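In this text the structure is predicted, and so the values were computed from the model without any measurement.
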Amino acid sequence: MTTHSNTPAGWYPDPHGVPRTLRYWDGGQWTQHTHADQQQGPAAPQQAPQMPQQPAGPDPRVQRQVRQQAGVTAGGPGGGSLFTEPVLVVNQKAKLIELTNEYTVMDQNGNQIGSVTEVGQSALKKVARFVSSLDQFMTHRLEIRDAHGRPQLVLTRPAKLFKSRVEVSRPDGSPVGEIVQQNMIGKINFAMNANGGQVGAIKAENWRAWNFAIVDHADNEVARITKTWEGLAKTMFTTADNYVLQIHYQLPEPLLSLVVATALTVDTALKQDSRGLG
């Protein structure tokens, strides 16, 4: 499917179906500028970029997860992407046995806007995960992808003995920063580092590490992660974990990318921890 980012700026047939009208596409969105289409016959203008599919109606299950379980009030409309939505709902795919980490990322109404998939696993590693609990000693690499399956961020958690460290990079390999576990006893904290300094932190609000406050370098809360309850049977018999990430306001880079990565970082860093906190 042709997407907005693949289509150069120019005049195209009006996407709303207005006859004999061209509307200007600036390379990122439709503008208010139109003019009459003077072309006739077979010399038709350029094909209009396809508009994204209209989101389905609100999903009551996700709305309940956001508002009742996570206690997040409905926010204003976001931009429809991983980096412009004020609320991200991260639901892990339920599995009796977890061999590959997979997550669906949705907006506050249940429209899927991304996904997270573990990549680079060998068959030997999957066998090791099946027959043992050695996950914490293995390197994990996950891709955060947009709604069209294109990688946006890459998370790499090197093999650990005690404390976790997650490296965050762009798909081209350029570094964004890293998220580093600071302690093992008491309320777990992570530092978010970039460009040689600390730009923020992730602070667990209780020893079981269910909920986290995310702060900037000045210790001001900028976002919050809440783990949501999916029922006793699902919790006991599957590996699924579900989180709601609420971003309080638009953040600058690289803090924004690190905050978007945090919901996955917390889960990947703690779930296979021998303390059994995840």
Pick out which of Asn193, Leu251, Leu258, Asp216 makes a side-chain contact (heavy atoms from CB on, under 4.5 Å) with Val199.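 When Asn193, Leu251, Leu258, Asp216 are each tested with Val199, the side-chain contact (heavy atoms from CB on, under 4.5 Å) holds only for Leu258.
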
Keeping the roles fixed (side chain from [X], backbone from [Y]), state whether a donor-acceptor pair exists under 3.5 Å.
| X | Y | answer |
| --- | --- | --- |
| Thr139 | Ala159 | yes |
| Gln112 | Gly114 | yes |
| Thr84 | Ser81 | yes |
| Lys163 | Met184 | no |
| Gln182 | Val180 | yes |
| Gln181 | Ser164 | yes |
| Glu85 | Gly80 | yes |

I'd like to know if Arg150 and Glu143 make a salt bridge, using a cut-off of under 4.0 Å between side-chain N and carboxylate O.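 So Arg150 does not pair with Glu143 through a salt bridge.
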
Is Glu205 paired with Lys187 through a side-chain N to carboxylate O contact shorter than 4.0 Å? no

Do other residues, nucleotides or ligands put more than 12 heavy atoms under 6.0 Å from His248 NE2?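 Yes, NE2 of His248 has more than 12 neighbouring heavy atoms, counting only those of other groups under 6.0 Å.
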
Considering all heavy atoms, the nearest [X]-[Y] contact:
| X | Y | value |
| --- | --- | --- |
| Val168 | Leu153 | CG1-CD2, 4.2 Å |
| Val215 | Lys203 | CG2-CE, 4.1 Å |
| Arg145 | Thr117 | NH1-OG1, 3.9 Å |
| Ala223 | Ile247 | CB-CA, 3.9 Å |

Using side chain to side chain contact (heavy atoms under 4.5 Å, CB included), reason through Val176 and Arg170 one step at a time and then give a plain yes or no. CA-CA 7 Å; Val176 174; Arg170 304 292 179 195; 3.5 Å; yes

Tell me, with the steps shown, if Val166 and Thr156 meet side chain to side chain contact (heavy atoms under 4.5 Å, CB included). CA-CA 5 Å; Val166 177; Thr156 303; over 6 Å; no

Before you tell me yes or no, could you show the steps for Thr104 and Ser115 under side chain to side chain contact (heavy atoms under 4.5 Å, CB included), namely the whole-Å CA-CA distance, both residues' side-chain angles and the distance that decides it to 0.1 Å? CA-CA 5 Å; Thr104 299; Ser115 62; 5.7 Å; no

Between Ile225 and Ile214, is the side chain to side chain contact (heavy atoms under 4.5 Å, CB included) condition met? List the steps. CA-CA 8 Å; Ile225 298 173; Ile214 305 174; 3.9 Å; yes

Rounded distance (nearest 0.5 Å) linking atom [atom1] of [X] with atom [atom2] of [Y]:
| X | Y | atom1 | atom2 | result |
| --- | --- | --- | --- | --- |
| Glu118 | Tyr103 | CD | OH | 8.5 Å |
| Arg157 | Glu178 | CZ | CD | 14.5 Å |
| Phe212 | Leu245 | CZ | CG | 12.0 Å |

Any chance the side chains of His217 and Gln198 put a donor and an acceptor closer than 3.5 Å? no

Would you say Asp146 and Gln152 are linked by a side-chain donor-acceptor pair, where the criterion is simply a distance under 3.5 Å? yes

